[in-house]
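Everything below concerns the one structure shown next.
Throughout, residue positions are numbered sequentially from 1 according to the sequence presented.
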Amino acid sequence: MRLDGIPLWDGTEPRGPVDLSWEPDEIVDVRPAAQRHDELCVIPGLVDTHVHLIGDASPRQSDFATWPLVTTRDEQVLHGVAHAQRAMRHGVTTLRDLAGDEAQIALRRAFDTGVLPGPRIQVHGVVGMTAGHNDLFVPPAFPIRKPTADGPDDCRKLVRTWARAGMDGIKLTTSGGVLSIGDKNAWRNYTRDEIRAVVDEAHALGMLVASHAHSEEGIRVAVEEGVDSIEHGTLMARDLAETLAARRTPVAPTLLINEAIAAGRVPVTEEAMAKAAELVARRDVLLAEAYALGVRFVLGTDANGHHVQFGDQLAEVVHMTRVLGMDAETALRAATSDAADSIGMPVGRIAPGLGADLVVLRGRPWERIEDLATENVVAVVSRGRLVAGRLP
């Protein structure tokens, strides 16, 4: 398959009009073109480093908290497929699920083996404490609960359990959260010894550790104990920003979801609205300062199909320029090459030998980020195959 004369932004910089050819699933050749089609462009498929695939994908409005409790796992997997394919059709061709279990692993395998068309998937298993952020999504009286771990040895065991299940990495909770029930953002999650055990064991098994952290203290302990990425990073103090910048540790700011919850634009509890509003009121100044200090922000939306839809990733990239102060090209890198590098995936660039994930768009999003919009998507190629639109 090929495209001729389409201006290319290759994941790092514009290359002008090129003749681009690929065969599933590899870019074969990229060379300067003799002709050009100026109304269109081609960019790499986007990489979202923080999503949650398992959630209600139907058109009806369900209750976010109870849907997982009343829906069988078999049915939940089908909703996860729908979410992943929706993201793919909107140009998001790589997704990292940060609260996975055997269901998301099954999705990953089905897509990888070609049983179903789907994006590239990474899956992280959660290591969280009793009464911690992850545990508090389930009401106290409900008997079927997610796995928890308490104490360094138990934490190590859960990391090993997830490794045995086939996880790509670990998600660790070091602060409270917004949507968890009866939780507080400022609550400490885990002692330093427990966090150290999780990071040590995961790294020993070759897995990255992503840390959910809203509070300053939650970010601090995660950074000091050597996690590989910070998720949210909302109340980031200046000294933490300087450390993260020096280490080039990626941070996924998940901007749209917290704003939607804080403003009540999506159905949420009064408790969740209040927690999100408290964070958003302080967030923008802190994160803009962090970006100015050199913090490496990458695309991470927390999309779950309820508060943020799959396909909203393009709007999140645009919003990163407004909140963080990024220019258009830096934001586009944060959603492609840099996001891919941060999770160790050989995508996010269009170059010979890499995976054939690409999006044909109207406009020039590296010059005008607002051109990165779903209505401008002309075609999407995932794993070398056309999955949406028509190639020119």
Side-chain angles (χ1 to χ4, degrees), residues 45-57 64 67-68 76-108 110-112 116 118-126 133-134 137 146 167-173 177-180 208-212 228-233 250-261 266 297-317 319-320 334-336 338-340 342-345 347-348 357 374 380 382:
L46 270 57
V47 178
D48 191 340
T49 66
H50 187 145
V51 303
H52 301 286
L53 289 169
I54 300 299
D56 189 1
F64 173 74
W67 184 87
Q76 289 182 29
V77 172
L78 298 177
H79 286 261
V81 170
H83 279 150
Q85 291 181 337
R86 177 179 171 83
M88 176 183 69
R89 292 193 298 270
H90 285 82
V92 189
T93 53
T94 300
L95 302 165
R96 181 170 71 161
D97 191 298
L98 285 186
D101 56 25
E102 292 79 5
Q104 289 90 332
I105 291 172
L107 292 185
R108 184 190 67 196
F111 295 154
D112 286 348
L116 292 169
R120 304 175 203 273
I121 302 286
Q122 279 195 0
V123 188
H124 281 219
V126 180
H133 170 58
N134 194 55
F137 283 95
K146 300 176 183 180
M167 292 292 175
D168 300 292
I170 296 297
K171 179 186 177 181
L172 172 66
T173 60
V178 171
L179 291 169
S180 33
L208 297 178
V209 179
S211 180
H212 159 99
D228 300 292
S229 69
I230 297 292
E231 308 304 315
H232 313 300
V251 177
T254 64
L255 302 173
L256 290 177
I257 187 169
N258 285 319
E259 292 179 15
I261 295 169
V266 290
F297 286 101
V298 297
L299 175 61
T301 61
D302 219 350
N304 56 22
H306 186 91
H307 308 98
V308 170
Q309 297 298 317
F310 289 87
D312 287 349
Q313 283 87 355
L314 286 73
E316 178 88 14
V317 180
H319 202 47
M320 289 169 75
T336 54
D338 204 19
S342 76
I343 62 173
M345 293 286 278
V347 291
D357 295 345
T374 55
V380 179
S382 175

In chain order, what residues pass the side chain to side chain contact (heavy atoms under 4.5 Å, CB included) check against A334, with sequence neighbours excluded? M320, M326
Between the main-chain N or O of [Y] and the side-chain N or O of [X], is there a donor-acceptor pair closer than 3.5 Å?
X	Y	answer
Q313	G311	yes
T49	L299	yes
D48	T301	yes
H79	A57	yes
Q76	A103	no

Could you work out, with salt bridge (charged side-chain N to carboxylate O under 4.0 Å, His left out) as the rule, every residue matching D168, not counting sequence neighbours? R108
Residues in salt bridge (charged side-chain N to carboxylate O under 4.0 Å, His left out) with D338, at least two apart? R296
Mind checking the [atom1]-[atom2] spacing from [X] to [Y]? Nearest 0.5 Å is all I need.
X	Y	atom1	atom2	result
L46	D357	CG	CG	10.5 Å
D302	L255	CG	CG	11.0 Å
I170	S211	CD1	OG	12.0 Å
T374	H90	OG1	NE2	5.5 Å

Mind checking what makes ring-ring contact (aromatic ring centres under 6.0 Å, His included) contact with F64, not counting sequence neighbours? H306, H307
Applying ring-ring contact (aromatic ring centres under 6.0 Å, His included) to H124 and not counting sequence neighbours gives none
Please step through side chain to side chain contact (heavy atoms under 4.5 Å, CB included) for the pair N134 and K146, ending with a clear verdict. CA-CA 8 Å; N134 194 55; K146 300 176 183 180; 3.7 Å; yes
Heavy-atom nearest pair, A84 first then I121, reads CB-CD1, 4.5 Å
Run the numbers on H133 and S180 for side chain to side chain donor-acceptor pair (under 3.5 Å), then give the verdict. CA-CA 6 Å; H133 170 58; S180 33; 2.8 Å; yes
Indicate whether any N or O donor in one side chain lies under 3.5 Å from an N or O acceptor in the other, for H212 and T173. no
Step by step, work out the side chain to side chain contact (heavy atoms under 4.5 Å, CB included) result for V347 and T93. CA-CA 9 Å; V347 291; T93 53; over 6 Å; no
From I257, V51, I54, residue fulfilling side chain to side chain contact (heavy atoms under 4.5 Å, CB included) relative to N304: I257
Applying salt bridge (charged side-chain N to carboxylate O under 4.0 Å, His left out), which residue pairs with at least one partner in residues 77-101 are found, sequence neighbours left out? R73-D101, R96-E231
